[in-house]
Amino acid sequence: MKTTPILLFAIVFSLASCKNYLAAKYKINQPFTFKTKHEYLDYLQQKKHFEKDKILYVDASTYSKLFNAISNGYAVYYGSFLNDSTEIKKSAQLMINEACMGRMDAEIKKNIPRQNGFDSLLTRSENIRQFKLLHAIDNSPLNINGNDGRLKVFMSFGFAQGAVYDELYKEVYKTYTDSNQSFDVYIMLIDPLYQMPD
């Protein structure tokens, strides 16, 4: 009977240690010490390899909407759009587990050919239009309603998530490069940049 408390202690200790190990390995919940938007953008470009002109943030009036949408199941891949009112429906395979990195990358690869014409998976959507998205580099409003017909892939990033999804971002940018940059990748920051000076 004395082995049961010892075994229970060992299990609890190993779970706590694992949590600490993962937080340290992936740099989860590190302090946000950036003083300006541009300092943070430089970090995102150098360390995460995001394109500065495709990094977005929401203004104060829609910040809570974006934060809630992402916290309530959108994971990192928010969706693929042709413009601010036409979205490509997410596949049943992705909907089973929206946090699965392999499924997100596969979904994006399947959506690239859909940018060139009508597809039964295109749907009217307010999903992206509901946010007042601004380019972090110059605070200009996002406009994705041009006539270029390019697919616009929206992914989210928050500094607190650390390096957990770094491999997914790398895969998406590899797909982007391999497709001769035939679509756009936008990163929607869930960090409250509207509070930071330029």
Output the distance between atom [atom1] ([X]) and atom [atom2] ([Y]), rounded to the nearest 0.5 Å.
X: M188; Y: I128; atom1: CE; atom2: CD1; result: 4.5 Å
X: H38; Y: Q45; atom1: NE2; atom2: CD; result: 12.0 Å
X: I137; Y: K54; atom1: CD1; atom2: NZ; result: 11.0 Å

For E39, the salt bridge (charged side-chain N to carboxylate O under 4.0 Å, His left out) test, sequence neighbours excluded, returns none
- Derivation of the ring-ring contact (aromatic ring centres under 6.0 Å, His included) call for Y194 and Y63: CA-CA 9 Å; Y194 64 86; Y63 175 76; 5.4 Å; yes
Please report the closest heavy-atom contact between [X] and [Y], naming both atoms and the distance.
X: K37; Y: A136; value: CD-O, 4.1 Å
X: Q30; Y: F159; value: O-CE2, 3.6 Å
X: I190; Y: G158; value: CG1-CA, 3.5 Å
X: Q93; Y: R103; value: O-NH1, 3.1 Å

Query raised in the report: Any chance NZ of K132 has more than 12 other-residue heavy atoms, nucleotides or ligands included, within less than 6.0 Å?
Result: no
F50/F157 aromatic ring centres below 6.0 Å: yes
Does Y78 have its ring centroid less than 6.0 Å away from the ring centroid of Y186?
no
Across all chains, not counting sequence neighbours, the ring-ring contact (aromatic ring centres under 6.0 Å, His included) partners of Y40 are F32, F34
Single-linkage hydrophobic cluster V76~M95, side-chain heavy atoms < 4.5 angstrom
no
Taken in chain and number order and not counting sequence neighbours, the residues that satisfy side-chain hydrogen bond (donor to acceptor under 3.5 Å, both in side chains) with S64 are none
Which of D184, I88, I108 passes side chain to side chain contact (heavy atoms under 4.5 Å, CB included) with V153? It is I108
Could you go through F154 and Y77, starting from their C-alpha distance and side-chain angles, then the distance that decides it, and tell me whether this counts as ring-ring contact (aromatic ring centres under 6.0 Å, His included)?
CA-CA 6 Å; F154 286 83; Y77 171 63; 9.7 Å; no
Just wondering, do V172 and T175 contact through their side chains at under 4.5 Å, heavy atoms?
no
